[in-house]
Amino acid sequence: MEFSQYRTDALLTITNRPPLVFVEGEGMWLTDHQGKRYLDYLQGWAVNCLGHSPQCIQDALAAQAKKLINPSPAFYNEPMVSLASALTAASCYDRVFFANSGAEANESAIKLARKWGQKNPNANGESRHEIITFDHSFHGRTLATMSASGKPGWDKIFAPQVSGFHKADLNDIASVEKFIGDRTVAVMLEPVQGEGGVIPATREFMQALRELTSKRNLLLIVDEVQSGMGRCGELFAYQLSGIEPDIMTLGKGIGGGVPLSAMLCKEAFACFEPGDQGGTYNGNPLMTAVGGAVLAALQAPGFLSSVREKGQYLRSELLKLTERFGLAGERGEGLLRALKLGRPIGPQIVELARDMGPVGLLLNSPRPDLLRFMPALNVSKDEIDQMIAMLAEVLETIAAAEAKQ
Ligand SMILES: *Cc1c(COP(=O)(O)O)cnc(C)c1O
C-alpha cells in the first residue's frame with residue numbers, strides 16, 4: 001500500500017511524523033508499510049526492554065486474555081498480587097500502586113508526598129506540599145507532571161501551572177538546599193535524566209541528597225520510569241549509588257511495550273486512605289501478567305550482567321566514532337547512552353539514517369547536539385556493530401557534504 005492511501009489526516013497532529021506506517025516488529029527490527037526494514041534504537045522510547053513482540057509477552061498476553069482481562073481495581077487479581085510481591089522482593093520498597101503510564105505513576109508519587117506532608121506538618125502545624133525538582137527533568141505530560149518537569153518552555157504552554165515545584169540544578173546540592181523552606185515536603189529526580197539528554201546524577205550527589213532529605217525530614221522520590229527495569233545495568237538505577245530512596249516510580253520497561261507503570265514506597269510512607277487514589281485500569285491482570293513476565297526475564301541469571309557488558313561495548317564503539325569523526329564524547333549508564341555530537345547535526349542524522357537503504361536505522365536526537373541510544377536490553381553485539389557501521393556511513397555523508405561547502 002502507498003503511504004498516501006492511509007487516511008493519516010484523521011489523526012490529531014501532536015508530533016511531526018515521517019510518512020511511514022509500521023506494520024511489524026521483531027526484536028531490534030521494525031518493518032514499514034512497504035516492507036522496508038529498520039534497525040530500531042528507539043524501541044518505543046526505551047519501552048521495549050526485550051525488543052519488539054518477544055515470545056514471553058505474546059505468551060503472557062494470550063494466556064491471561066483467555067483467563068481474565070479485568071475484574072475491576074476494586075478486587076484483587078492474581079497477576080497484580082504476584083507482580084507487587086515480586087517488585088517489593090526485588091527492591092527496598094514494601095508497597096506498590098499500579099497505573100498505566102509514567103506520568104500517572106508520578107502523579108501518584110506527588111499525591112502521596114502531599115498526603116504525607118499533611119500528616120507530617122511543619123513546626124507551625126502547617127501542612128507541607130512543595131517539591132524540589134530539577135532543571136531539564138522530565139516527569140510526564142499531565143498538568144502536575146509538566147509542572148514538575150524542568151523542560152524549557154513548559155512553564156508557559158498550558159499556564160497556569162500546578163504550583164509548588166522549584167527547579168534546582170542537577171549535581172549541585174547547594175542549589176537544592178537553597179529551595180528548602182517550611183512548606184517543602186520532597187525532592188524528586190531522575191537518577192539519569194533521560195529526555196534532558198542522558199545526564200546521570202553522580203553517586204556523590206545521590207548520597208548527599210539522601211543525607212540532606214533525611215536530615216530535613218523530606219521524602220526522596222526517584223522517577224525511574226526510564227532508568228529502571230534493568231536499563232542502567234542494575235534492576236533499578238538507585239542501586240548504582242548505594243542509597244535507598246523513599247518512593248520510586250516505574251514505567252516504560254516494566255510493561256515491555258504495553259501500558260503499565262507503578263509507584264512503590266516504603267511502609268512508613270504508605271499513607272493513602274481508601275478513596276485517595278485509583279483508576280479504572282489500575283492493576284488489571286492483562287497488563288500485570290505482562291509485567292510479571294518481563295520482570296522474570298530481567299531477573300534470569302546473567303541477564304543484567306549482559307546489559308552491563310553490552311553497555312560497555314556500546315560505549316567503547318561510540319568512543320571510537322568520537323575519535324574518528326571528531327565528536328564530543330559519550331555518556332550514560334548501562335544501555336541508556338548518548339553520543340555528544342559537538343554541533344547541531346542530530347536531526348539531520350536521524351533523517352539520513354532513517355531514509356538510508358535498503359535497510360534504515362531509527363535513532364533519537366533529544367537535543368540537536370546529541371543522539372540517544374535506547375536499544376532492547378537483549379540487543380546482540382552484532383546489532384550494535386550494524387548500528388555503528390550505519391551511523392558511521394551517515395557521519396561520512398555529512399562530513400563529505402560539509403567538506404564541499
Ligand atoms: C517517559 C517518562 C515519563 C512519562 O511516562 P509516560 O508513560 O509517557 O507518561 C516520566 N518520567 C520519565 C523519566 C520518563 O522518561
Side-chain angles (χ1 to χ4, degrees), residues 14-15 41-49 97-113 131-152 154 157-158 162 165 167 170 186-201 206 220-232 234-238 240 245 247-264 277 279 281-284 287-288 290-291 294 332-338 364-367 370 372-375 377:
I14 48 111
T15 186
Y41 269 74
L42 263 65
Q43 290 294 334
W45 257 258
V47 164
N48 305 325
C49 58
F97 169 75
F98 290 114
N100 314 289
S101 69
E104 211 186 334
N106 286 334
E107 282 275 336
S108 237
I110 293 165
K111 283 188 185 176
L112 189 70
I131 299 180
I132 299 169
T133 58
F134 291 85
D135 238 5
H136 302 291
S137 63
F138 180 83
H139 299 295
R141 291 178 175 277
T142 61
L143 281 175
T145 55
M146 280 185 84
S147 305
S149 299
K151 225 172 138 97
W154 272 25
I157 7 182
F158 300 115
V162 174
F165 296 99
K167 313 287 163 24
L170 193 70
V187 175
M188 174 168 165
L189 83 162
E190 301 156 81
V192 179
Q193 286 190 344
E195 304 304 307
V198 191
I199 307 170
M206 292 297 279
L220 180 59
I221 305 171
V222 281
D223 174 350
E224 295 231 23
V225 170
Q226 189 158 153
S227 63
M229 300 308 285
R231 175 62 52 187
C232 293
E234 295 287 347
L235 196 52
F236 309 112
Y238 76 79
L240 293 166
I247 297 175
M248 170 173 79
T249 56
L250 297 172
K252 297 200 165 92
I254 190 178
V258 305
L260 176 66
S261 68
M263 179 200 58
L264 296 87
Q277 182 60 318
Y281 296 111
N282 295 354
N284 73 81
M287 298 302 117
T288 47
V290 173
V294 168
E333 293 284 357
L335 281 171
L336 180 58
R337 312 213 71 89
N364 167 247
S365 173
R367 282 174 18 189
L370 202 83
R372 175 174 47 167
F373 303 87
M374 307 167 275
L377 301 182

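Whatever order the structure lists ligands and atoms in, that order sets their numbers, starting from 1.
Separation of atoms CG (N106) and CZ (R141) is listed at 13.5 Å; rounding is to 0.5 Å. F165 CZ to T145 OG1: the interatomic distance, rounded to the nearest 0.5 Å, is 8.5 Å. Taking CG from L112 and OG1 from T249, the interatomic distance works out to 12.0 Å, rounded to the nearest 0.5 Å. Here CZ of R372 is found 7.5 Å from CH2 of W45. Values are rounded to the nearest 0.5 Å. The structure places CG of N100 at 5.0 Å from CG of N282, a figure rounded to the nearest 0.5 Å.
A donor-acceptor pair under 3.5 Å links the side-chain atoms of R231 to the main chain of L335, judged by distance alone.
Taking every non-hydrogen atom of Q226 and a distance limit under 4.0 Å, the qualifying atoms of ligand 1 come out as 15 (O). Atoms of ligand 1 found under 4.0 Å from any heavy atom of H139 (numbered from 1 in listed order, with element): 10 (C), 11 (N). Under a 4.0 Å criterion applied to the non-hydrogen atoms of D223, ligand 1 contributes the atoms 10 (C), 11 (N), 12 (C), 13 (C). Atoms of ligand 1 found under 4.0 Å from any heavy atom of N106 (numbered from 1 in listed order, with element): 10 (C), 11 (N). The A103 neighbourhood of ligand 1 comprises atoms 4 (C), 5 (O), 6 (P), 9 (O), with distances under 4.0 Å to a heavy atom of that residue.
When distances from atom 8 (O) of ligand 1 to the protein are checked, no heavy atom turns up under 4.0 Å.
In terms of protein heavy-atom proximity, atom 5 (O) of ligand 1 is closest to G102 CA, 3.3 Å. Regarding atom 2 (C) of ligand 1, its nearest protein heavy-atom neighbour is K252 NZ, 2.5 Å.
With a 4.0 Å cut-off on non-hydrogen atoms, T145 does not touch ligand 1 at all. Residue contacts with ligand 1, taken as heavy atom pairs separated by less than 4.0 Å, involve E190 solely via side-chain atoms from C-beta onward. The backbone and the side chain of F138 each have at least one atom closer than 4.0 Å to an atom of ligand 1 (non-hydrogen atoms only).
The shortest N/O to N/O separation between E104 and ligand 1 does not fall below 3.5 Å.
Each of L250, V222, I247 was evaluated against L264; a single residue qualifies, L250, per the side chain to side chain contact (heavy atoms under 4.5 Å, CB included) test.
A heavy-atom distance below 4.5 Å is found between the side chains of V192 and C232.
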